[in-house]
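For reference, the structure is listed below as structure tokens.
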Amino acid sequence: MKDIDLTLLEQPYDAKRYETLLYKKWEESGYFNPDNLPGRHATPFAMVLPPPNVTGTLHCGHATMLAIQDAIVRFKRMQGFKTLWLPGTDHAAIATQSKVEKDISKKEGKSRYDIGREELLKRIAAFAQESHDTIINQCKSMGSSLDWSREAFTLDEPRTRAVYTAFKTMYDAGLIYRGHRVVNWDPKGQTTISDDEIIHEEREATLYTFKYGKDFPIPISTTRPETKFGDVAVAVHPEDSRYSAFVGKTIETDFCGSLLSIKIIADRNVEKDFGTGALGVTPAHSKIDEEMAYTHNLPFVQVIDEKGKMTSGGEDIVGKKTAEARELIAQRLRDAGLMIEEKKITQNVSTAERTGGIIEPLPKLQWFVAVNKEFPFPHKDKAIAKEGEMVTLKILMHRAVESGTTTILPDRFAKVYEHWINNLRDWCISRQIWYGHRIPIWYKESAIHCGPSAPEGDGWAQDEDTLDTWFSSGLWTFSTLGWPDETTDFKMYHPNDLLETGRDILFFWVARMILMSTYLIGEVPFKHVYLHGMALGKDGKKMSKSSGTALDPLEVTEKYGTDALRMALIVGNAPGNDFKLFDEKTKAYKHFANKIWNASRFVLSNTQGVIINENTLNAAHQALLLEWRNVLREITEDIEKYNLYLAGEKLYGFFWHRFADVWIEDSKTWFQSDEKESAQIFMRILLEEQLRVLHPFMPFVTEAIWRIMHGDSKESMLMIQPWPMN
RNA sequence: GGGCGAUUAGCUCAGUUGGUAGAGCAAUUCGUUUACACCGAAAAGGUCAGAGGUUCAAGUCCUCUAUCGCCCACCA
């Protein structure tokens with residue numbers, strides 16, 4: 001055996017010197033692409049990268065998912081799986097557009113309407129491209145062994161084709177429909193948003209109790225008197241004896257100069273003990289009231305427009321913002337002696353996740369996915385349903401998890417998921433923004449056509465709206481594999497084996513993928529879901545840019561090395577639990593990388609030319625080898641159960657405090673005795689096996705050492721060496 | 001309002017089916033013996049949030065309480 005050039009192991013370990021070089025070597029080897037892996041890699045293992053939004057740069061949350069996923073993928077690859085980890089980015093419709101709009105408004109003082117659709121889209125595309133390039137480089141610098149040859153983008157041509165195919169399939173099946181509903185209108189972003197994009201914020205508000213007019217018998221309470229111009233009814237509880245005499249009557253009354261026709265109705269949803277126990281029903285501006293309107297057949301009267309301005313209420317009210325109108329009306333009620341009480345309360349205000357705008361419920365014509373509509377299961381018999389069986393999208397989503405076809409780690413999130421589905425309402429998928437997939441619907445007079453392009457003939461106009469970004473990302477596990485074509489990739493890698501992602505997008509994304517996949521393909525999108533927690537600062541609070549607590553992963557790796565950051569993100573990070581990331585922790589793993597480097601240097605310098613043959617070990621060394629193999633078994637099992645946080649910690653402890661502190665110290669004696677040869681073999685086996693096992697966690701330092709030991713041919717790279725235990 | 005998680009050494013966290021409390025970092029003392037000072041050795045540090053219960057035995061199982069955090073929700 002050729003001597004190893006130990007001068008290459010310069011002390012101390014300098015991460016920066018190796019990381020770029022090694023990533024390049026890995027990439028050039030082609031082994032990130034499963035098609036190029038050696039023949040022993042037969043059984044597929046597939047996973048997608050949750051596509052980062054092209055809204056800027058990666059943060060610690062991204063670094064976390066990259067560290068965990070790359071560790072799993074490298075482990076599976078070494079185990080001999082035909083391992084695919086498929087990268088891509090998400091156009092993130094609202095998030096990206098509102099970011100660019102904000103920039104433009106700040107720098108040029110212009111709105112999107114000043115700039116126009118075409119020009120805005122051009123600017124967004126440029127911004128998205130820039131973000132994309134940054135993000136890809138950051139993924140690479142984290143050491144991610146992603147198959148770049150299959151990179152996808154939610155808005156690129158193949159994905160757009162998948163989106164339009166999915167839309168048309170669901171439209172033709174009656175599962176996508178257009179309807180007039182009270183939706184969540186974001187006056188700031190000038191678009192609708194789905195229920196999930198709403199954040200409830202506690203705010204202080206005034207609860208006004210008053211009568212519409214002098215002759216009106218029932219006082220009502222509301223925090224929004226300005227919407228009362230749209231009232232068509234007053235609802236009371238059916239068992240409320242105070243008001244039972246009025247139920248069924250219609251009373252005309254003058255409310256601040258506007259004539260209202262108010263029907264008194266009884267509805268179980270009214271709380272007797274809240275306020276006066278009577279609720280002014282405003283079907284056009286409240287979702288609960290909308291439902292009551294359907295139940296009791298009430299008309300819709302809209303009094304607020306898309307800009308959040310009044311359209312009703314008389315000359316000095318019309319055109320005013322709702323907040324201003326509220327004050328004016330309250331004053332009039334006081335002046336007229338109609339105000340009974342004004343009370344400060346805290347209430348939950350709905351705000352838009354992306355823009356922070358206060359949601360104004362408005363009746364609008366929008367596109368929806370029907371989650372409760374029955375249809376015959378359109379696929380051959382599958383695990384989740386039989387062909388022709390009557391199901392709903394909700395039922396399919398339920399069955400995916402209930403049946404265990406998809407499992408969620410940690411399993412308590414399965415309950416959260418079930419609960420969410422139970423409360424799920426039709427999904428509003430149309431957005432009044434410009435960046436995204438334009439709805440593939442064409443209108444000509446009363447005719448409607450669904451398809452990617454206009455039908456023959458003049459006069460067809462495409463729907464102005466675009467699709468919710470989650471509609472396209474819901475297709476991600478198969479749109480990235482060539483669907484709707486029956487490609488070899490699709491056949492080999494779908495369903496995915498694992499989906500690893502943040503627990504915050506369980507509903508947004510994981511649930512939507514299950515919906516899309518179970519309906520369009522008839523099977524679950526992935527067998528297992530692994531949800532990781534959020535990266536917190538040392539203070540235990542969520543990192544945020546505005547408070548200056550956000551760590552930039554690139555700054556951290558610059559300081560401590562990528563391997564160190566990866567370990568810091570994995571160890572102590574149990575599935576589903578939030579975890580804290582801070583400098584001292586990362587620093588400790590930088591020291592560990594150096595420890596590995598130096599221990600290797602010692603072992604190699606004392607084992608030059610040794611031929612590894614396990615059978616020539618003496619009894620004592622065999623016993624010690626067994627001790628390691630037991631730990632190795634535990635570590636392997638931990639990783640297989642996706643308990644990387646345990647595996648990482650055990651590796652660290654064993655390498656440092658057993659192998660380095662004890663066995664390396666002992667070896668200094670062994671090397672002086674007649675046990676020398678056995679000891680040399682023993683130490684070399686231990687080093688090599690530990691480097692292999694450490695590789696998924698700390699790929700750079702281990703590959704750097706391996707390369708010095710085994711040369712730089714692509715076949716000898718540590719990345720594709722077999723895992724030392726089956 | 002409903003649900004979930006956390007509470008173990010100064011800090012960050014382990015503790016699998018109940019069997020005498022563990023690790024790393026920090027701090028203390030000692031040590032520069034040819035892998036490493038990004039080091040080693042030693043010692044120190046805990047009524048396992050509180051109360052009650054089950055058990056021969058509880059950090060672990062059950063009930064309640066407290067504090068912190070998160071998610072869901074149509075009290076206007």
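Convention: sequence-line order gives letters A, B, ...; per-chain numbering from 1.
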Residue pair [X] / [Y]: nearest heavy atoms and the distance that separates them:
{"X": "A:D426", "Y": "A:N372", "result": "OD1-N, 4.2 Å"}
{"X": "A:Y208", "Y": "A:A330", "result": "CE2-CB, 3.7 Å"}
{"X": "A:G502", "Y": "A:L531", "result": "O-CD2, 3.9 Å"}

Listed pairs, N/O of protein and of nucleotides 74-76 of chain B, under 3.5 Å:
from: B:C74; atom 1: OP1; to: A:R425; atom 2: NH2; distance (Å): 3.3
from: B:A76; atom 1: N6; to: A:E271; atom 2: O; distance (Å): 2.8
from: B:A76; atom 1: N6; to: A:F274; atom 2: O; distance (Å): 3.2
from: B:A76; atom 1: N1; to: A:E271; atom 2: N; distance (Å): 3.2

Side chains of [X] and [Y] only: does a donor on one sit below 3.5 Å from an acceptor on the other?
{"X": "A:S221", "Y": "A:T209", "result": "yes"}
{"X": "A:D195", "Y": "A:W427", "result": "no"}
{"X": "A:H296", "Y": "A:D267", "result": "yes"}

Just checking A:F413: base, sugar-phosphate only, or nothing, at a heavy-atom cut-off of under 4.0 Å? nothing

Determine which bases of RNA chain B form Watson-Crick or G-U wobble pairs with both distances under 3.5 Å, and write the result as a 5' to 3' dot-bracket string with | for other-strand partners. (((((((..((((.....[..))))..((((.......))))......(((((..]....))))))))))))....

Residue A:A588, side-chain heavy atoms: nucleotide from B:C36, B:C70, B:C25 that is nearest: B:C25

Quick check for you: among B:A35, B:G24, B:C39, whose closest atom lies nearest to any side-chain atom of A:W656? B:C39

Please give the distance between the [atom1] atoms of [N] and [M] as a whole number of Å.
{"N": "B:A66", "M": "B:A9", "atom1": "C1'", "answer": "23 Å"}
{"N": "B:G19", "M": "B:A57", "atom1": "C1'", "answer": "7 Å"}
{"N": "B:U7", "M": "B:G50", "atom1": "P", "answer": "13 Å"}

Taking the ring centre of each residue, are A:F602 and A:W597 less than 6.0 Å apart? no

Does A:K668 have a side-chain nitrogen or oxygen under 4.0 Å from the phosphate oxygens OP1 or OP2 of B:A35? yes

Could you tell me the separation between the CD1 atom of A:I514 and the CD1 atom of A:I421, rounded to the nearest 0.5 Å? 7.0 Å

Measure the CG-OH distance between A:D411 and A:Y417 for me, rounded to the nearest 0.5 Å. 15.0 Å

Over how many whole Å does the gap from [X] atom [atom1] to [N] atom [atom2] extend?
{"X": "A:Y589", "N": "B:G24", "atom1": "OH", "atom2": "C1'", "value": "7 Å"}
{"X": "A:E10", "N": "B:C38", "atom1": "CD", "atom2": "P", "value": "17 Å"}
{"X": "A:I198", "N": "B:C71", "atom1": "CD1", "atom2": "P", "value": "15 Å"}
{"X": "A:H419", "N": "B:G1", "atom1": "NE2", "atom2": "P", "value": "16 Å"}

Which sits closer to the 5' end of RNA chain B, A:F507 or A:Q11, going by the nucleotide each is nearest to? A:Q11

Closest nucleotide of RNA chain B for A:H591 versus for A:R503: which of these residues is on the 5' side? A:H591

Does atom NZ of A:K587 have more than 12 heavy-atom neighbours, drawn from other residues, nucleotides or ligands, at distances under 6.0 Å? no

Along nucleotides 3-16 of chain B, 5' to 3', which nucleotides get a B, which get an S, and which get a -, given that the test is a protein heavy-atom distance under 4.0 Å? -SS-----SSSSS-

